[in-house]
Structure formats: structure tokens, C-alpha cells
Enquirer: 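I'd like to ask some things about the structure below.
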Amino acid sequence: MTTGYAAIAIKNSQGLKFNMDLLSVKDLKMHFPVHGGILYRQVATVFAVDGVNFSLGNGQTLGLVGESGCGKSTLGRALLKLHQPTSGSIIFSGKDITHLKGKALQHLRSDMQMIFQDPFESLNPRHTVGDIIQEPFHIHGIGNTLEKHKKVLTLLDKVGLPSDAINRYPHEFSGGQRQRIGIARAIALNPKLIICDEPVSALDVSIQSQILNLLMDLQKEMGMAYLFIAHDLSVIKHVSDQIAVMYLGRIVEIADRESLYQQPLHPYTQALIASIPLPDPKQRLNFKALQGEVPSPMNPPAHCHFIDRCPIRQNICNQQTPPLASIEGVKTSHKVACHFPII
């Protein structure tokens, strides 16, 4: 098998070629120790990501949705190796990158980039836009001064910014324009995967659609895959091919966009969909509202993490962890982690 960071194809037993997943995540965990006391010993553990499995194909978008604090952003940062995962594996373009370090990790970063939630916080206020967008070329030793300048102008045009932005500073731009600068920096090296960490949540509603359409146009043009993190299900529905629903560090349901919205199987997914505002209250879906609060990630329930808020819980839910698996009567690609999925 050929390894490396480019998308690869292999032959099956009949000699037919098929593309491998660009990204495959297996039982990924990201636990953070909590220290305290006079001796500053570990007194607890935050189970931020607690056994996540999913795959993402070339050029596809996987939407990751869930309440604040469920571990979405932590998962994205762990995939980029901004956090070193506690356990599990991350396979990117056929190569295990879980323990990459040094030069190998730096090389990987050219193919995996991130767009951050707050465009102002993610941009250095002391650098001009030209310097910010050129930074990936400096780090990876690409091009001379003239070539970098031309590349920056091309990138500015791609994201819909004027050429004179190259000599201006981030504070001179609006929030939507600053996010376009962040997008230009993220696509500078033609990455295979971009992790979009709530890229429109800090923007005005009128600007959100412009940024979403820009991201979708760039994806069609450049063939990138997106892991799109958000808490807004209407945004996720607009941009995603597949959607994964995350709750307290675990994925509780994953399916293609149509299946998830037409036939949600997990009571948590149903509650999220029911919370989407509709112009006609008579159209509101008849799903049960959730009760109680999200448990602390330092002390999640032992088996089903959703048990304390679940309207259909039974004794087995407190005894066995429900696997993320397909069930009879729905698409095999539609998987749910529930002992009693609601069909």
C-alpha cells in the first residue's frame, strides 16, 4: 500500500480501484488531568473526548454538532495535533499520524488546516494582511519574495478581498472580512482537509451566508474536505454531506444529511432538531423536550452518557454502554449509540 499525505487509491480483490477515506478516527480519547491541593496532585480527569469513531472522504463535509462543552473543538484540535490524544488513532491519507512529531508533523500541517471561531483572535494584530497570509509559505519554504506576493494577491481575490488589503492590518476590517483573511491563510497551501471550528458563529446573520457560500465555492474549486464544527443545526444542514451528533465527548448518532433530519433515531438528536426555530409553530416536530442539565465532563455517567436526561431510559442503559452501530430498518450508514433507538 502506498502511504503519504496525498489522497490514495488501492485495488480490491477484483482489481477495481476505489478511494480510501481521507480521514479515519478510531476510538479517539482526549482526557485532561485536573490538579489541585498543596502538592498539586491530579485530583480529577476531564473526559473531553471519550472514544470517538468516524471517517471522512475526499472532498466531503462532515458536520459535527452538539451543545457547548461537548468536546467538538477539542476533537478538532486533537485531529490537528494541537493536543496530543490520550489514546486511539488518527489515520490521514492512509498513514497513522497519531504520534507524529517534529518535521513529519510540520509537513502534515500543509495538508491539514484550521479556520478558527473568532477571526480577530486568530490574526496577529501587529502583522499586515500580507504578512499573515504569507506565513504558511515562510514556514514551509515556498517561493521567493515576488512569488509570495503574487500568491497573496491571488488568495485575496479568491476570498473576495481587494488587493490593497495586503498592506492593511486586521483591525481595519469588519468581522466578515477578517474571517475571509483567516480563510485565505487556511487555503494558502492547498490543504486536503480544513477543520472549520464554528467559523460563522461570531458573525452577523447577514454575513454568515456569505462566508458559508464562500467556503462551499472554495470546496468545489479546490476539492478540500471539511470537518465543520457548529452548534447551529440549520447551518450544519446547509453545508454538510454527513452529520455527527456529539454529546459529552461521544458521538451518539451519525448519518447523511437527509436521513438525520428526516428520521433522527437518538432522543438527543430529536431534541436538537426540535429546537430549530420554525416560522410556523404548527410545524414544530413533536419530540420530547430534554430535562435537566448536561453532566460534568469530569464525572460523566458510567455507561450511557445521556441517561440522566433521556426520556426513554431503562435499566440496561445504566449497565451497558450502547455501541455506535446501524440498526435494522434504516440505512447501514445511519448509526446510533442507543439501546432503544426511536424509529
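Residue indices begin at 1 and follow the sequence shown.
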Enquirer: What's the spacing between Gln242 CD and Glu258 CD if we round to 0.5 Å?
Expert: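 CD of Glu258 is found 10.5 Å from CD of Gln242.
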Enquirer: Can you get from Met112 to Leu75 by hopping between Ile, Leu, Val, Met, Phe, Trp and Tyr side chains that sit under 4.5 Å apart?
Expert: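 Per the 4.5 Å side-chain linkage, Met112 and Leu75 are co-clustered.
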Enquirer: When you compare the side chains of Thr45 and Gln42, does any donor N or O come within less than 3.5 Å of an acceptor on the partner?
Expert: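 Yes, because at least one side-chain N or O of Thr45 sits under 3.5 Å from a partner of the opposite role on Gln42.
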Enquirer: Could you verify whether a donor N or O on one side chain and an acceptor N or O on the other, from Glu198 and His231, lie under 3.5 Å apart?
Expert: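 The criterion, which ignores hydrogens and geometry beyond distance, is satisfied for His231 and Glu198.
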Enquirer: Within the structure provided, determine whether Lys81 and Lys101 are in side-chain contact (heavy-atom separation under 4.5 Å).
Expert: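 Side chain of Lys81 against side chain of Lys101, heavy atoms only: no contact under 4.5 Å found.
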Enquirer: For residues Tyr169 and His127, establish whether the separation of their ring centroids is below 6.0 Å.
Expert: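 Distance test on ring centres: not under 6.0 Å, no.
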Enquirer: With a cut-off of 6.0 Å (strictly less than), are more than 12 heavy atoms of other residues, nucleotides or ligands near NZ of Lys72?
Expert: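 More than 12 within 6.0 Å, yes.
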Enquirer: Parallel, tilted or perpendicular: which fits the ring planes of Tyr40 and His35, with parallel below 30° and perpendicular above 60°?
Expert: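 Ring orientation, 0 to 90° scale: parallel.
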Enquirer: Is the NZ or CZ atom of Arg168 both under 6.0 Å from the centre of the six-membered ring of Phe173 and within 45° of that ring's axis?
Expert: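 Relative to the ring axis of Phe173, which defines the angle, Arg168 lies inside both limits.
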Enquirer: Could you tell me whether a side-chain N or O of Arg180 sits under 3.5 Å from a main-chain N or O of Val159, the two making a donor and an acceptor?
Expert: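 Yes; judged by distance alone, with no hydrogens or angles, the pair exists.
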Enquirer: Checking the side chain of Ser259 only, and the main-chain atoms of Asp256 only, is there a donor and an acceptor separated by less than 3.5 Å?
Expert: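 Not at all, since once roles are kept as given, no pair shorter than 3.5 Å links the two residues.
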Enquirer: Go through the steps for Tyr247 and Val294 under the test side chain to side chain contact (heavy atoms under 4.5 Å, CB included), then give the verdict.
Expert: CA-CA 9 Å; Tyr247 182 82; Val294 180; 4.1 Å; yes
Enquirer: Side-chain contact test, heavy atoms from C-beta onward, threshold under 4.5 Å: evaluate it for Leu146 versus Lys150 and give yes or no.
Expert: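 Leu146 vs Lys150: side chains touch.
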Enquirer: If I compare all heavy atoms of Cys338 with all of Pro322, which pair ends up nearest, and what's the gap?
Expert: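 Nearest pair, atom of Cys338 first, then Pro322: N-CB, 3.6 Å.
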Enquirer: Does Asp241 pair with Arg257 as a salt bridge, N-O distance under 4.0 Å?
Expert: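 A salt bridge is absent here (no side-chain N lies under 4.0 Å from a carboxylate O).
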Enquirer: How about CE on Met222, more than 12 heavy atoms from neighbouring residues, nucleotides or ligands closer than 6.0 Å, or not?
Expert: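 Correct, the count exceeds 12.
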Enquirer: Is the backbone of Asn144 close enough, under 3.5 Å, to the side chain of Glu147 for a donor and an acceptor to pair up by distance?
Expert: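 Checking the backbone N and O of Asn144 against the side chain of Glu147, a donor-acceptor pair under 3.5 Å is found.
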Enquirer: Judged by atom type as modelled, is there a donor-acceptor pair below 3.5 Å linking the side chain of Gln208 to the main-chain atoms of Leu203?
Expert: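 Between the backbone of Leu203 and the side chain of Gln208 there is a qualifying donor-acceptor contact (under 3.5 Å).
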Enquirer: Find out whether Asp27 and Val52 are in side-chain contact, i.e. whether some heavy atom of one side chain is under 4.5 Å from a heavy atom of the other.
Expert: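 SC-SC contact between Asp27 and Val52 ruled out.
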Enquirer: Do the side-chain N and O atoms of His334 and Glu253 include a donor-acceptor pair separated by under 3.5 angstrom?
Expert: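 A donor-acceptor contact under 3.5 Å links the two side chains.
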Enquirer: Any side-chain heavy atom of Ile90 within less than 4.5 Å of one from Pro85?
Expert: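 Counting from C-beta outward, Ile90 and Pro85 do come under 4.5 Å.
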Enquirer: Could you grab the distance from atom CD of Gln270 to atom CG of Leu260, nearest 0.5 Å is fine?
Expert: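 One gets 10.0 Å once the value is rounded to the nearest 0.5 Å.
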Enquirer: Could you go through the side chain to side chain contact (heavy atoms under 4.5 Å, CB included) check for Leu156 and Ile166 one step at a time?
Expert: CA-CA 8 Å; Leu156 288 173; Ile166 194 169; 4.1 Å; yes
Enquirer: Do Phe47 and Leu79 land in one hydrophobic cluster if side-chain heavy atoms of ILVMFWY residues count as linked below 4.5 Å?
Expert: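 No, it is not one cluster - the side chains of Phe47 and Leu79 are not joined through contacts under 4.5 Å.
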Enquirer: Check this for me: does any side-chain nitrogen of one of Lys151 and Glu135 sit under 4.0 Å from a carboxylate oxygen of the other?
Expert: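 Judged by the 4.0 Å cut-off on N to carboxylate O distance, Lys151 and Glu135 do not form a salt bridge.
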Enquirer: Going by atom types alone, do Glu67 and Tyr268 pair a side-chain donor with an acceptor below 3.5 Å?
Expert: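 Yes, Tyr268 and Glu67 have a side-chain donor paired with an acceptor closer than 3.5 Å.
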Enquirer: Enter the distance from Ile312:CD1 to Ile342:CD1 here, rounded to the nearest 0.5 Å.
Expert: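 So the gap between those two atoms works out to 4.0 Å.
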Enquirer: So, Asp21 and Ser24: side-chain donor and acceptor under 3.5 Å apart, yes or no?
Expert: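 Result is no, nothing qualifies.
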Enquirer: Determine yes or no for a side-chain-to-main-chain donor-acceptor pair under 3.5 angstrom, with Gln113 supplying the side chain and Ile183 the backbone.
Expert: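 No; zero donor-acceptor contacts below 3.5 Å.
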Enquirer: As a test of understanding, state which of Ile187, Asp111, Thr61 forms a side-chain contact (heavy atoms from CB on, under 4.5 Å) with Ile194.
Expert: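 When Ile187, Asp111, Thr61 are each tested with Ile194, the side-chain contact (heavy atoms from CB on, under 4.5 Å) holds only for Ile187.
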Enquirer: Side-chain contact, heavy-atom cut-off 4.5 Å: Ile251 with Val245?
Expert: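 Not touching, per the 4.5 Å side-chain cut-off.
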Enquirer: Within the distance-only criterion (no hydrogens, no angle test), does the side chain of Thr86 pair as donor or acceptor with the backbone N or O of His31 below 3.5 angstrom?
Expert: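 Yes: the side chain of Thr86 pairs with the backbone of His31.
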Enquirer: Check step by step if side chain to side chain contact (heavy atoms under 4.5 Å, CB included) holds for Phe228 and Ile236.
Expert: CA-CA 7 Å; Phe228 198 100; Ile236 285 289; 4.0 Å; yes
Enquirer: Any heavy-atom pair between the side chains of Pro301 and Leu248 that's under 4.5 Å?
Expert: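 Yes, their side chains come closer than 4.5 Å.
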Enquirer: Between Ser296 and Asn299, does any side-chain donor sit less than 3.5 Å from a side-chain acceptor?
Expert: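 Per modelled atom types, Ser296 and Asn299 side chains form no pair under 3.5 Å.
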Enquirer: If only atom types and distance count, is the side chain of Asp197 paired as donor or acceptor with the main-chain N or O of Ser73 below 3.5 Å?
Expert: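 Looks like no, no N/O pair under 3.5 Å.
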Enquirer: Grab the two heavy atoms, one from Pro295 and one from Asp308, that are nearest each other, plus how far apart they are.
Expert: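 Minimum heavy-atom contact is CG-OD2, 4.0 Å.
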Enquirer: Ignoring hydrogens and geometry, is there a side-chain-to-backbone donor-acceptor pair from Arg109 to Leu80 under 3.5 Å?
Expert: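 Yes.
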Enquirer: Mark yes or no for whether Tyr226, through its side chain, and Leu215, through its backbone, hold a donor-acceptor pair below 3.5 Å.
Expert: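 Yes, the answer is positive, given that a donor and an acceptor are paired below the 3.5 Å cut-off.
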Enquirer: Keeping Gln177 on the side-chain end and Ser174 on the backbone end, is there a donor-acceptor pair under 3.5 Å?
Expert: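 Yes: the side chain of Gln177 pairs with the backbone of Ser174.
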Enquirer: With a 6.0 Å cut-off on ring centres, are His266 and Phe306 close enough?
Expert: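 Yes, close enough.
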Enquirer: Is the count of non-hydrogen atoms from other residues, nucleotides or ligands lying under 6.0 Å from Asn315 atom CG greater than 12?
Expert: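 Counting other residues, nucleotides and ligands, CG of Asn315 stays at 12 neighbours or fewer.
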Enquirer: Could you see if Leu214 belongs to whatever hydrophobic cluster contains Val200? Use Ile, Leu, Val, Met, Phe, Trp, Tyr and a side-chain cutoff under 4.5 Å.
Expert: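 Both belong to a single hydrophobic cluster.
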Enquirer: List in chain and number order the residues that pass salt bridge (charged side-chain N to carboxylate O under 4.0 Å, His left out) with Arg250, two or more places apart in sequence or in another chain; answer none if no residue qualifies.
Expert: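 Applying salt bridge (charged side-chain N to carboxylate O under 4.0 Å, His left out) to Arg250 gives Asp50.
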Enquirer: Assess, by modelled atom type and distance only, whether the side chains of Ser206 and Asp204 contain a donor and an acceptor separated by less than 3.5 Å.
Expert: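 Ser206 vs Asp204: no donor-acceptor pair found between side chains.
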Enquirer: Exactly one of Ile132, Asn124, Ile181 should register a side-chain contact (heavy atoms from CB on, under 4.5 Å) with Pro170. Which one does?
Expert: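 Of all the options given, the one that passes is Ile132.
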Enquirer: Over all heavy atoms of both residues, which pair between Pro300 and His305 is shortest? Give the atoms and the distance, please.
Expert: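 For Pro300 versus His305, the nearest heavy atoms are CB-NE2, 3.7 Å.
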Enquirer: Applying a strict under-4.5 Å side-chain criterion to I, L, V, M, F, W and Y, I'd like to know whether Ile316 and Val336 cluster together.
Expert: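 No.
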Enquirer: Do Asn167 and Thr128 have side-chain atoms, one donor and one acceptor, less than 3.5 Å apart?
Expert: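 There is no such pair (donor and acceptor under 3.5 Å, judged by atom type) between the side chains of Asn167 and Thr128.
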Enquirer: Between CD of Gln179 and CZ of Phe120, what distance do you get to the nearest 0.5 Å?
Expert: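 These two atoms lie 13.5 Å from each other.
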Enquirer: So His83 and Phe32, do their side chains get closer than 4.5 Å, heavy atoms only?
Expert: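 SC-SC contact between Phe32 and His83 confirmed.
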Enquirer: Determine, for Arg309 against Glu293, whether the closest basic-nitrogen to carboxylate-oxygen distance falls under 4.0 angstrom.
Expert: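 Looking at Glu293 together with Arg309, the answer is no, because their closest N to O distance does not fall below 4.0 Å.
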Enquirer: Passes side chain to side chain contact (heavy atoms under 4.5 Å, CB included), Leu193 versus Met224? Steps please.
Expert: CA-CA 6 Å; Leu193 170 67; Met224 301 173 294; over 6 Å; no
Enquirer: Can you tell me how far CE of Met246 sits from CD1 of Ile229, rounded to the nearest 0.5 angstrom?
Expert: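 If we round to the nearest 0.5 Å, Ile229:CD1 and Met246:CE are 9.0 Å apart.
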Enquirer: Is the shortest side-chain heavy-atom distance between His140 and His107 below 4.5 Å?
Expert: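 Sidechains of His107 and His140: no contact.
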Enquirer: Hydrophobic cluster membership, with links at side-chain heavy-atom distances under 4.5 Å among I/L/V/M/F/W/Y: are Met298 and Val49 in one?
Expert: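 Hydrophobic grouping puts Met298 with Val49.
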Enquirer: Measure the spacing between CD1 of Ile91 and CG of Asp96 and express it to the nearest 0.5 Å.
Expert: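 These two atoms lie 4.0 Å from each other.
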Enquirer: Please report the shortest heavy-atom distance between Leu22 and Ala225, naming the atom on each side.
Expert: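 That closest heavy-atom pairing would be CD2-CB, 3.6 Å.
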